There are 2 protein chains.
Amino acid sequence: MIYYPAMKSPTIDIKKELKQKGLRVTTPREKILSVFSAECQPMNAESIHAQLKSIDLVTIYRTLTSFEKCGILRKVDLHKDSTYYELNHHHHHIVCTSCGVIEAFESCDIKKLTQKVVLQSSRFKTIQDHSLEFFGVCKICLKG
Amino acid sequence: MIYYPAMKSPTIDIKKELKQKGLRVTTPREKILSVFSAECQPMNAESIHAQLKSIDLVTIYRTLTSFEKCGILRKVDLHKDSTYYELNHHHHHIVCTSCGVIEAFESCDIKKLTQKVVLQSSRFKTIQDHSLEFFGVCKICLKG
DNA sequence: TTTTTTGCAAAAGGTTTGCAACACG
DNA sequence: CGTGTTGCAAACCTTTTGCAAAAAA
């Protein structure tokens, strides 16, 4: 999966981050968070396991779940078969529906839209989060 | 899954719609499209099968895939375990992260944002589609 | 009649669960 | 020491594939 990030890999104090989120510091958790910190791109359980073969796949699934619950990671929907996670920064993606290349971008000014949506909604008073992904055909595929 | 639609169920000429999209008119396809037309909400293979027990689950999967390819349906990501599809109208959702209730809305003015994104992108010149879902806690859950 | 679609059985792929051994705090 | 976490095996659930029979054009 070719991926063009919107920003450089963040510097994370792994141990500190885990403690802050109320998680015990264990070797698998440190290693898995390190991978996300270094790669800064969406990853599924299998792609992490490929880099950390000594860690059981089951542990990776459990770690991803607990990281998501405590807010370290977030799920991303890229219209792929498995669940992808990434560091919980505010950014979005453009996915090429032909070759699958992904480009990230940070700017996303949908405050106004969010406000409008809340005003129109009878059941929601506030909104915590949103997912926004664009799908198109990249320049290279357009030419081919 | 409680669902509040943004619009009334559309009136669809099932046979015509199938032919228009270049699909053969078969009983399973007519029935499955009827379900979407009547319910007007996101559904997965299992929920359709629950209503159409005489149709094999495999046929439902294959039908959903072909409906998506020809543009009758689109995938929606609701952060659930299975793949949900809905009629390919332009609308979005607010999902309650506590009880799972879903509210749909139609207005979505992100043309400007889309243009901005394309201008900033070095790899994409146009964008065909976007997914936009909001996540929050509904009023009822807030009180509970 | 030719081509596509369906149903059944079986397999595949991703993810979860049970439980004993182990490690963190 | 007590509780949370890991690894292994096995189960589970959703989705896909192969193939012969049935149906559409």
Side-chain angles (χ1 to χ4, degrees), chain A residues 1 13-36 42-86 100, chain B residues 1 13-35 42-70 72-86 100:
Chain A
M1 188 172 83
D13 184 332
I14 308 283
K15 282 193 173 69
K16 197 175 158 189
E17 175 81 0
L18 292 172
K19 282 178 192 165
Q20 241 172 18
K21 301 289 185 179
L23 296 176
R24 284 194 181 182
V25 177
T26 68
T27 308
R29 285 179 180 163
E30 286 184 273
K31 285 189 178 172
I32 292 170
L33 186 48
S34 298
V35 168
F36 276 99
M43 279 181 286
N44 63 5
E46 198 51 59
S47 63
I48 294 165
H49 191 228
Q51 292 187 51
L52 302 173
K53 282 167 193 158
S54 64
I55 297 174
D56 196 278
L57 189 55
V58 172
T59 301
I60 293 174
Y61 276 107
R62 284 195 273 228
T63 305
L64 290 174
T65 303
S66 65
F67 279 8
E68 195 216 351
K69 270 192 190 148
C70 75
I72 294 176
L73 298 178
R74 56 146 64 192
K75 286 185 185 176
V76 220
D77 176 40
L78 302 172
H79 288 190
K80 313 256 177 193
D81 327 337
S82 58
T83 306
Y84 281 75
Y85 294 85
E86 64 185 353
Chain B
M1 186 172 83
D13 184 333
I14 307 281
K15 282 194 174 67
K16 197 176 160 191
E17 173 82 0
L18 291 173
K19 281 178 193 163
Q20 244 173 15
K21 301 288 185 179
L23 296 176
R24 286 192 179 182
V25 177
T26 68
T27 309
R29 284 177 180 164
E30 287 184 274
K31 286 189 178 171
I32 292 170
L33 186 48
S34 298
V35 169
M43 279 181 286
N44 62 6
E46 197 51 60
S47 63
I48 294 164
H49 191 230
Q51 290 186 54
L52 302 174
K53 283 168 193 158
S54 64
I55 298 173
D56 196 278
L57 189 56
V58 171
T59 301
I60 293 174
Y61 276 107
R62 284 193 273 230
T63 305
L64 290 174
T65 303
S66 65
F67 279 8
E68 195 216 351
K69 270 192 190 150
C70 75
I72 293 177
L73 298 179
R74 57 146 65 193
K75 287 185 184 176
V76 219
D77 175 40
L78 302 172
H79 288 189
K80 314 253 180 196
D81 326 337
S82 57
T83 305
Y84 281 75
Y85 294 85
E86 65 185 352

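Side chains are part of it too, since the values below use all heavy atoms of this structure and drop only hydrogens, waters and symmetry mates. Note that the structure is a prediction, hence the values are computed from the model and not measured.
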- Using whole Å, report how far CD1 of B:Ile55 lies from P of C:dT6. 9 Å
- Query: Starting at OH of B:Tyr61 and ending at P of C:dG13, how long is that distance when rounded to a whole Å?
  - Reply: 16 Å
- Message: For a side-chain contact (heavy atoms from CB on, under 4.5 Å) check, start with the C-alpha distance between B:Asn44 and B:Ile48, then their side-chain angles and the critical distance, and finish with the verdict.
- Response: CA-CA 7 Å; B:Asn44 62 6; B:Ile48 294 164; over 6 Å; no
- Message: Looking at A:Arg74 and A:Glu68, is any side-chain nitrogen of the basic one under 4.0 Å from a carboxylate oxygen of the acidic one?
- Response: no
- Message: Tell me the interatomic distance from B:Lys15, atom NZ, to D:dA24, atom P, rounded to whole angstroms.
- Response: 10 Å
- Hey, can you pull the residues of residues 20-29 of chain A with a non-hydrogen atom under 4.0 angstrom from DNA chain C? A:Arg24, A:Val25
- Message: Can you identify which nucleotide, out of C:dC8, D:dT6, D:dT15, has its nearest atom closest to the B:Ser82 side chain?
- Response: D:dT15
- Could you please name the option among D:dT6, C:dG14, D:dG18 that lies closest to any side-chain atom of A:Thr59? D:dT6
- Query: So, A:Arg29 side chain and A:Leu18 main chain: donor-acceptor pair closer than 3.5 Å or not?
  - Reply: no
- Write down the distance between CZ (B:Arg62) and C1' (D:dT14), rounded to a whole number of angstrom. 15 Å
- Message: When you measure from the side chain of B:Ser47 to the backbone of B:Met43, do you find a donor-acceptor pair of N or O atoms at a distance under 3.5 Å?
- Response: no
- Between C:dG14 (C1') and A:Tyr84 (OH): distance, integer Å: 12 Å
- Query: Counting only N and O atoms by type, is there a donor-acceptor contact under 3.5 Å from the side chain of A:Thr59 to the main-chain atoms of A:Ile55?
  - Reply: no
- Note on the structure: Atom CG of A:Asp56 and atom C1' of D:dA10 are separated, to the nearest Å, by 13 Å
- Query: What is the distance, rounded to the nearest whole Å, between atom NZ of B:Lys31 and atom P of C:dG7?
  - Reply: 9 Å
- Length of the NZ-C1' vector between A:Lys53 and D:dG7, whole Å: 18 Å
- Query: Under 3.5 Å, side chain of B:Ser34 to main-chain N/O of B:Glu30, donor-acceptor pair present?
  - Reply: yes
